[in-house]
There are 2 protein chains.
Amino acid sequence: MNTDLRVKSKRPARTRRKPDERKVVEDGSRGRPAVELGGVELGDLADMTGYALRRAQIAVFEGFRRTVGKIGLRPAQFSVMIVIHRTPGLKQTEVANALGIQRTNFVAMVNELERLGWVERRALDRRSHALHLTRAGQGKLSEAMAIERKQEALYDKILGPGERLKLLDMLRRLQVGLEA
Amino acid sequence: MNTDLRVKSKRPARTRRKPDERKVVEDGSRGRPAVELGGVELGDLADMTGYALRRAQIAVFEGFRRTVGKIGLRPAQFSVMIVIHRTPGLKQTEVANALGIQRTNFVAMVNELERLGWVERRALDRRSHALHLTRAGQGKLSEAMAIERKQEALYDKILGPGERLKLLDMLRRLQVGLEA
DNA sequence: ATATAATTGTTATATGATATAATCAATTGA
DNA sequence: TCAATTGATTATATCATATAACAATTATAT
């Protein structure tokens, strides 16, 4: 029975069998230094917007989980609570649409948020529900926002003064430009 | 953030909804116009880097599927083929690591790429495989790159001159800054 | 040289996010 | 009034990702 702990192995410099077999096909010099990860060059991938977006998003979301996630909120839940906080009384479909979530998948999300005691459904009429944050939900959201603001400050620091806002603007322009 | 409770308006029982019932809690004016989607304001979400990244990434990936996807390539497959093209002979684990893919999930990906006839495994020793593009794979990749370049040109146009490169740089700095 | 450790690829499996179809009740409007 | 629409829901399928376990092979350390 093997109950080993995940031992992190230090990698000694690798001895490469036949270096020539791994010769790079293209020259990496496009004016910028070659982008690599783990000693492997990414080639044209380094110039692709979608890939850069993906990796950055993963890194940022990972940061979210390590910080805001510690108090039990996932990114999607956070986004839902922010929208409800901003405009109490919205119907499920409205919130789901605004966030790009299928209303069918949104049901389970609201169920969970209700179970956690952070959100409640109030009957608007006999088929639609108005969504509201509970008192506990408001508290949770405040807590989460405080942590998130620190994260945003970190991004500010990483990117340099004013750059984060410029990034936000670019991302938004890209999004709406493509959805149009 | 406004954590004020009692923002709830009491509602008359059966009448038609009044617009006032959805009054927003916070004022949207933070120097910029309020960000909304489908008539619903996103509130603090509009200032959050992670959310902007997510939405932009979804939009760009959707563009990928509509264009490069038409010739049968998914984003992850494209990225794998680019890396193999750049450095033929890499082992599965090396490619997977560079792309942030679990080697365990990478197996099925390579199987599929082999089945499609675009990638082949060549035995390096009796446990490791060197990955190479087949001739068909090279052709497919060229085709895909040509389409993708047009997409990148589109992003360039949406963002304005030189801005796309700046975006790429920011995204990369954000990523490595967080992974450090 | 031999014992031990680490690497490589693999299968099986669990979880989470997302997408579609179908259903049902309630509401709206022609 | 009755057909069409809306809102919420369930069931289900797909896809991406994560972990555990394992077998075979190769590397290392004594």
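Naming: A, B, ... by sequence-line order, numbering from 1 per chain.
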Whole angstrom value for the distance that separates [atom2] of [N] from [atom1] of [X]:
X      : N      : atom1 : atom2 : result
B:I58  : C:dA17 : CD1   : P     : 13 Å
A:R65  : D:dT17 : CZ    : C1'   : 11 Å
B:L124 : D:dT25 : CG    : C1'   : 13 Å
B:R121 : C:dT8  : CZ    : P     : 15 Å
B:N105 : D:dT19 : CG    : P     : 10 Å
B:H129 : C:dT10 : NE2   : P     : 5 Å
B:L131 : C:dT8  : CG    : C1'   : 12 Å
A:E62  : D:dA16 : CD    : P     : 20 Å

Let's see if you can work this out: which of [options] has an atom nearest to the side-chain heavy atoms of [X]?
X      : options               : value
B:R127 : C:dT7, C:dG9, C:dA21  : C:dT7
A:Q102 : C:dT20, D:dT9, D:dT26 : C:dT20
A:T93  : C:dA26, D:dC15, D:dA8 : D:dA8
B:T104 : C:dT20, C:dT10, D:dA8 : C:dT10
B:K91  : C:dT10, D:dT26, C:dG9 : C:dG9
B:R103 : C:dA26, D:dT9, C:dG9  : C:dG9

I'd like to know if [X] and [Y] make a salt bridge, using a cut-off of under 4.0 Å between side-chain N and carboxylate O.
X      : Y      : value
A:E152 : A:K150 : no
B:R115 : B:E112 : yes
A:E143 : A:K70  : no

| query | Reckon B:Q92 touches a base, only the sugar-phosphate, or nothing at all at heavy-atom distances under 4.0 Å? | reply | sugar-phosphate
| query | From B:S142 OG over to B:M81 CE, what is the distance, rounded to the nearest 0.5 angstrom? | reply | 9.0 Å
| Aromatic ring proximity, centroids under 6.0 angstrom, A:F78 and B:Y51 |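 Ring centres of A:F78 and B:Y51 not closer than 6.0 Å.
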| request: Could you please name the partner base of D:dT30, counting Watson-Crick and G-U wobble pairs only when both distances are under 3.5 Å? | output: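 Checking every strand shown, D:dT30 finds its partner in C:dA1, with both distances under 3.5 Å.
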Give a yes/no answer on whether the side chain of [X] brings an N or O atom under 4.0 Å of OP1 or OP2 in [N].
X      : N      : answer
A:R126 : C:dT28 : no
A:R74  : C:dG16 : no
A:R54  : D:dA16 : no

| Of A:G100 and B:V107, whose closest DNA chain C nucleotide lies nearer the 5' terminus? |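 The residue mapped nearer the 5' terminus is B:V107.
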